[in-house]
J.: 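Could you have a look at this structure, given as structure tokens, before my questions?
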Amino acid sequence: MQNQPNMRGLIGSMSDEHSSWPEWVYIGVVVALLCWVGAEAWNVERLVEHVPEDAEIIKVVGQQWFWTFEHEDGTKEVGELHLETGKAYKFEITSTDVNHSFNIHDYVVLLDAVPGRINTVWFSPTEAGEYDIQCREYCGLIHYNMRGKLYVEDPS
Amino acid sequence: MVLELHKPRPIWQIMFSTHHTDVGLLYLIMSLGFLFLGGALALAIRAELFFPGSQIIADSMTFNRMFTVHGTTLIFLFILPSASAVGNYFVPIMVRYKDMAYPKLNAIAFWMIPPGGALIWLGFADFTWYATPPYSIISAPGPAADMWIFGLKILGVSSILGAINFVVTIMKCKHPDMSLGQVPLLAWSFLSSSLIILVALPTFAAALLMLLTDRLGVSGFFNPAMGGDPIAYAHLFWFTFHPEVYVLVIPAIGMMYEIIPRFSRKPIFSHASGLAAFIILAIVGFSSWAHHMYATGMSFTEKTVFMVGTLAAVPASAMHVFNFLATMWGGRIRFSTPMMWAVGGIALFFSAGAGGVVNSAMPLDFVTHDSYWVVGHFHLFVMGTIAFGTIGYVYYMFPYVTGRMYHEVLGKIHFVLAMIGTVMVFFTQHVLGLYGMPRRIYDYPPIPEWIAMNQIATVGAMLIGISMAIWLGNMIYSSAKGPEANMEDPFGLGGRYYYPHTQKNPHH
Ligand code: HEM
Ligand SMILES: [Cu+2]
Ligand SMILES: [Cu+2]
């Protein structure tokens with residue numbers, strides 16, 4: 001029985017008849033790295049979730065299998081969305097049937113469209129151009145093609 | 001020693017037996033059968049995605065059903081039963097008891113799996129492995145969806161029965177000379193994963209029933225049209241299934257704890273550290289479930305809490321990696337097939353964990369969530385860590401089960417091809433996720449980067465497929481015609497093959 005561990009109590013001492021300081025150093029490094037990741041993530045998320053006062057509201061509705069957008073002035077768009085650079089927009093996202101997930105990958109806009117709930121996320125387009133809108137939550141038959149286009153133009 | 005295939009018996013004797021090695025053999029054969037079935041679906045999925053547009057699968061509904069059944073099969077019908085196979089063979093031996101605590105219950109738990117598996121395969125549901133409402137209530141076609149719910153119900157009960165048996169066998173039936181702390185780490189892995197099952201699984205069992213009554217229209221727990229809340233289901237589901245991912249991985253880590261010291265010809269660096277990591281994981285694993293739900297619209301505070309809870313569980317996994325490396329350090333390592341799989345599995349375990357930390361960091365999860373990154377992340381665990389550990393262990397126990405040796409060179413070729421394939425598929429999928437490709441899509445727009453990366457992944461998957469065919473051939477041929485194994489020391493390591501408690505280590 002000489003290679004039986006010397007257990008005092010269940011968790012016991014961390015040493016099995018040899019020095020354990022390398023393991024403690026290693027655990028220290030891992031914990032320090034995790035603390036750093038956690039703190040950075042907390043800080044960045046806090047900043048990106050701060051919605052500017054003047055953000056324009058866009059109502060987003062997901063349904064099998066297309067997106068509808070309603071601007072503040074009441075104009076509606078289906079499958080495409082026209083926005084301007086330099087402005088801030090706040091999406092109010094919901095669904096009329098099953099869960100979807102509203103995604104503009106190039107701007108890291110991602111939030112679920114859940115029936116009976118309104119989820120909000122904001123962003124501000126910086127460059128004119130065409131961007132893909134897609135659904136990132138499985139929603140059935142045509143989930144793979146629940147796509148749209150975002151057109152960003154410079155303000156005239 | 002029980003040499004199942006060495007001394008052939010009529011198949012019904014094994015099927016109606018309640019002896020732990022017979023039940024273990026049944027678990028083993030069935031789980032490997034489902035590995036190949038589920039793997040075939042994966043190859044079809046990868047083939048479909050080789051080019052944009054429709055290739056070999058006629059319509060999206062078929063595709064959706066295939067990835068649903070693929071995931072359900074490999075988690076519930078391969079990983080869980082293959083762990084039970086190893087546990088059945090080795091846990092009673094390791095605690096020095098004649099059998100499992102409740103042999104009949106053991107056989108019943110096994111025999112619940114074929115009907116559960118049949119319901120899943122005959123139904124072929126499409127609502128993904130987490131059956132999210134309201135889709136699963138108002139939109140998913142029956143009877144497939146209902147059959148899936150019943151199938152999972154049965155598999156869940158089987159899992160709970162198996163867990164009770166392992167807990168009692170280890171806690172109550174172990175030899176009185178052995179303290180709980182002295183129980184080998186492989187058996188400890190079954191104790192901790194079984195305890196997790198007992199705490200975690202009932203929640204999902206309840207959610208499944210609620211889902212069923214919602215589908216029948218008599219309740220509206222998760223149906224917003226009837227005042228219910230789909231997010232409630234997500235909490236119930238992930239309260240079970242985040243801990244459950246540790247249930248899947250812990251036995252594979254336990255298997256590595258058998259293989260690594262044996263083939264390093266050195267005792268485990270720290271038995272206590274491995275044991276502590278199992279216990280910590282079993283507790284802290286319950287603090288992180290909603291990291292799957294950042295994008296459902298949780299508040300900043302909720303997200304922060306679950307991020308911290310997730311990060312808190314990481315050191316326990318990191319301790320295992322250290323323990324393995326420290327055990328190998330300075331050992332006289334022999335890279336036989338089981339050792340190659342174990343070492344490869346550890347490397348992939350480490351990469352997978354690093355990717356997991358990225359997912360946990362809230363702002364980054366909005367890049368990775370529900371993209372191919374997540375598919376890559378968990379496959380590095382389920383394939384890279386769990387399947388690798390299990391396959392290595394199947395090679396390791398092959399002489400024990402059959403009395404014969406497998407073909408060593410073919411075993412190594414199997415490993416090399418599978419390792420290259422795994423890196424090609426799942427590392428590439430991480431990058432594909434960063435490029436924004438959503439998961440669970442039948443077709444994709446012809447974006448050049450997406451096409452290239454999908455093709456790399458498909459070629460990798462085919463390599464894995466080829467390697468697994470080689471394995472199957474090797475196992476079938478060698479169990480009948482392989483050379484007789486030297487049962488004292490089949491791997492030529494010096495020291496007895498089994499059993500660890502009596503093994504004399506040359507270094508001590
Ligand atoms: C270092 C430890 C781990 C960390 C930090 C971690 C973190 C995460 C996070 C944050 C997610 C959510 C990603 C998203 O959907 O956006 C995730 C998904 C997932 N993880 Fe892990 N994980 C770890 C270990 C594991 C293990 C050991 C397994 C399995 C054996 C596993 C299996 C999964 C699965 C199956 C999913 C995706 C589920 C789905 O959406 O279908 N993870 N992980
Ligand atoms: Cu969708
Ligand atoms: Cu999780």
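Numbers restart at 1 for each chain; the letters A, B, ... are given by sequence-line order, proteins then strands. Everything quoted here is computed from the prediction, not taken from an experiment.
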J.: If you count heavy-atom pairs under 4.5 Å with chain B, which of A:Gly140, A:Ser95, A:Gly116 comes out on top?
T.: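 The answer is A:Gly140.
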J.: State the CD-OG distance between A:Glu23 and B:Ser273, to the nearest 0.5 angstrom.
T.: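 The OG atom of B:Ser273 is 3.5 Å from CD of A:Glu23, to the nearest 0.5 Å.
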J.: Between B:Pro133 and chain A, with a heavy-atom cut-off of 4.5 Å, which part of the residue counts as in contact: side chain, backbone, both or neither?
T.: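 B:Pro133 touches chain A through backbone heavy atoms alone.
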J.: Are A:Asn99 and B:Pro134 close enough that some pair of their side-chain heavy atoms sits under 4.5 Å apart?
T.: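 Side chain of A:Asn99 against side chain of B:Pro134, heavy atoms only: contact under 4.5 Å found.
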J.: Give me the atom names and distance for the closest heavy-atom approach of B:Leu311 to A:Gly38.
T.: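 Looks like CD1-CA, 3.7 Å.
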J.: Could you check whether B:Tyr135 and A:Tyr138 have their ring centres less than 6.0 Å apart?
T.: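 Judged by ring-centre distance (under 6.0 Å), A:Tyr138 and B:Tyr135 do meet the cut-off.
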J.: Quick one: do B:Arg439 and A:Glu137 make a salt bridge, cutoff under 4.0 Å?
T.: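 No, B:Arg439 and A:Glu137 are not salt-bridged.
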J.: At a 4.5 Å cut-off on heavy atoms, which part of B:Ser136 comes close to chain A: side chain, backbone, both, or neither?
T.: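 No part of B:Ser136 comes within 4.5 Å of chain A.
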J.: So what's closer than 4.5 Å to chain A heavy atoms on B:Phe67: side chain, backbone, both or neither?
T.: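 For B:Phe67, the side chain is the part near chain A, not the backbone.
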J.: Just checking B:Met298: does its CE atom have more than 12 heavy atoms from other residues, nucleotides or ligands closer to it than 6.0 angstrom?
T.: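 Counting neighbours around CE of B:Met298, more than 12 heavy atoms of other residues, nucleotides or ligands fall under 6.0 Å, so yes.
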J.: What part of A:Asp106 gets closer than 4.5 Å to chain B, counting heavy atoms only: side chain, backbone, both or neither?
T.: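 Contact with chain B: none, neither part.
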J.: B:Asp370 and A:Arg136: which non-hydrogen atoms are nearest, and at how many Å?
T.: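 Reported closest heavy-atom pair: CB-O, 3.0 Å.
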J.: Just so I know, are the side chains of A:Val98 and B:Ile138 near enough to count as touching, which here means a heavy-atom distance under 4.5 Å?
T.: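 Result yes, sub-4.5 Å side-chain heavy-atom pair found.
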J.: Considering only heavy atoms, which portion of B:Leu434 lies under 4.5 Å from any heavy atom of chain A: side chain, backbone, both, or neither?
T.: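 Backbone of B:Leu434 only, per the 4.5 Å heavy-atom cut-off to chain A.
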J.: Given the options A:Val44, A:Val30, A:Leu111, which has more heavy-atom pairs under 4.5 Å with chain B than any of the others?
T.: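 Highest number of pairs under 4.5 Å: A:Leu111.
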J.: Drop me the distance from A:Arg147's CZ to B:Ile441's CD1, to the nearest 0.5 angstrom.
T.: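 Answer for the CZ-CD1 pair, A:Arg147 versus B:Ile441, is 6.5 Å.
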J.: A:Asn119 side chain to B:Thr296 main-chain N or O, any donor-acceptor pair under 3.5 Å?
T.: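 Side chain of A:Asn119 to backbone of B:Thr296, a donor-acceptor pair under 3.5 Å: yes, one is there.
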J.: Report yes or no: does A:Arg117 contribute a side-chain atom to a donor-acceptor pair with the main-chain N or O of B:Gly297 at less than 3.5 Å?
T.: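 At least one qualifying donor-acceptor pair exists.
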J.: Side chain from CB out, backbone as N, CA, C, O: work out which of these in A:Gln64 comes under 4.5 Å of a heavy atom of chain B, or both, or neither.
T.: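 Interface part for A:Gln64: side chain.
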J.: Using a cut-off of under 4.5 Å for heavy-atom pairs, which of A:Cys35, A:Pro115, A:Ala113 has the most such pairs with chain B?
T.: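 Max contact count across the listed options: A:Pro115.
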J.: Do the non-hydrogen side-chain atoms of A:His105 and B:Val367 ever get within less than 4.5 Å of each other?
T.: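 A side-chain contact under 4.5 Å exists here.
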J.: Report yes or no: does A:Gln134 contribute a side-chain atom to a donor-acceptor pair with the main-chain N or O of B:Gly436 at less than 3.5 Å?
T.: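 Pair found, side chain donor or acceptor close to backbone of B:Gly436.
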J.: Give me the atom names and distance for the closest heavy-atom approach of A:Glu45 to B:Phe366.
T.: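 For A:Glu45 versus B:Phe366, the nearest heavy atoms are OE2-CE1, 4.0 Å.
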J.: Roughly how far, to the nearest 0.5 Å, is the NE2 atom of A:His50 from the CZ atom of B:Phe300?
T.: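 B:Phe300 CZ to A:His50 NE2: 12.5 Å, rounded to 0.5 Å.
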J.: Side chain, backbone, both or neither: which part of B:Ile231 has a heavy atom under 4.5 Å from chain A?
T.: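 Contact with chain A involves the side chain of B:Ile231 alone.
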J.: Specify which of B:Pro224, B:Ala361, B:Ala318, B:Pro315 makes the most heavy-atom pairs with chain A at under 4.5 Å.
T.: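 Greatest number of close heavy-atom pairs with chain A: B:Ala318.
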J.: What part of A:Cys135 lies closer than 4.5 angstrom to a heavy atom of chain B: side chain, backbone, both or neither?
T.: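 Backbone only.
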J.: If you define the side chain from C-beta out and look only at heavy atoms, does anything of B:Val321 sit under 4.5 Å from A:Tyr26?
T.: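 Yes; the side chains approach each other to less than 4.5 Å.
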J.: Please check if the number of heavy atoms outside B:Tyr442 that lie under 6.0 Å from its OH is greater than 12.
T.: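 Atom OH in B:Tyr442 is packed in, count exceeds 12.
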J.: Give, for atom CG of A:Asp112 and atom NE2 of B:His369, the distance between the pair rounded to the nearest 0.5 Å.
T.: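 If I round to the nearest 0.5 Å, the distance is 5.5 Å.
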J.: If I measure from the heavy atoms of chain A, does B:Met307 come under 4.5 Å with its side chain, its backbone, both, or neither?
T.: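 Just the side chain, heavy atoms under 4.5 Å.
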J.: Highest number of heavy-atom pairs under 4.5 Å with chain B: which of A:Ser101, A:Cys139, A:Ala41?
T.: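 So the answer, after comparing A:Ser101, A:Cys139, A:Ala41, is A:Ala41.
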J.: Could you walk me through whether A:Arg46 and B:Met362 satisfy the side chain to side chain contact (heavy atoms under 4.5 Å, CB included) test, starting with their C-alpha distance in whole Å, then the side-chain angles of each, then the deciding distance to 0.1 Å, before giving a yes or no?
T.: CA-CA 10 Å; A:Arg46 191 175 56 96; B:Met362 326 175 243; over 6 Å; no
J.: Going from CG on B:Asn64 to CG on A:Leu141, what distance comes out if it is rounded to the nearest 0.5 angstrom?
T.: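 Separation between the atoms: 7.0 Å.
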J.: Could you look at B:Tyr435 and say if it's the side chain, the backbone, both or neither that has a heavy atom under 4.5 Å from chain A?
T.: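 The answer is the backbone of B:Tyr435.
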J.: Which atoms of B:Pro438 are under 4.5 Å from chain A, going by heavy atoms: the side chain, the backbone, both sets, or neither?
T.: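 Both parts, backbone and side chain.
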J.: Give, as side chain, backbone, both or neither, the part of B:Ile447 having an atom under 4.5 angstrom from any heavy atom of chain A.
T.: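 Looking at B:Ile447, just its side chain touches chain A.
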J.: Can you tell me how far CE of B:Met319 sits from CD1 of A:Ile27, rounded to the nearest 0.5 angstrom?
T.: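 Interatomic distance, A:Ile27 CD1 to B:Met319 CE, rounded to 0.5 Å: 4.5 Å.
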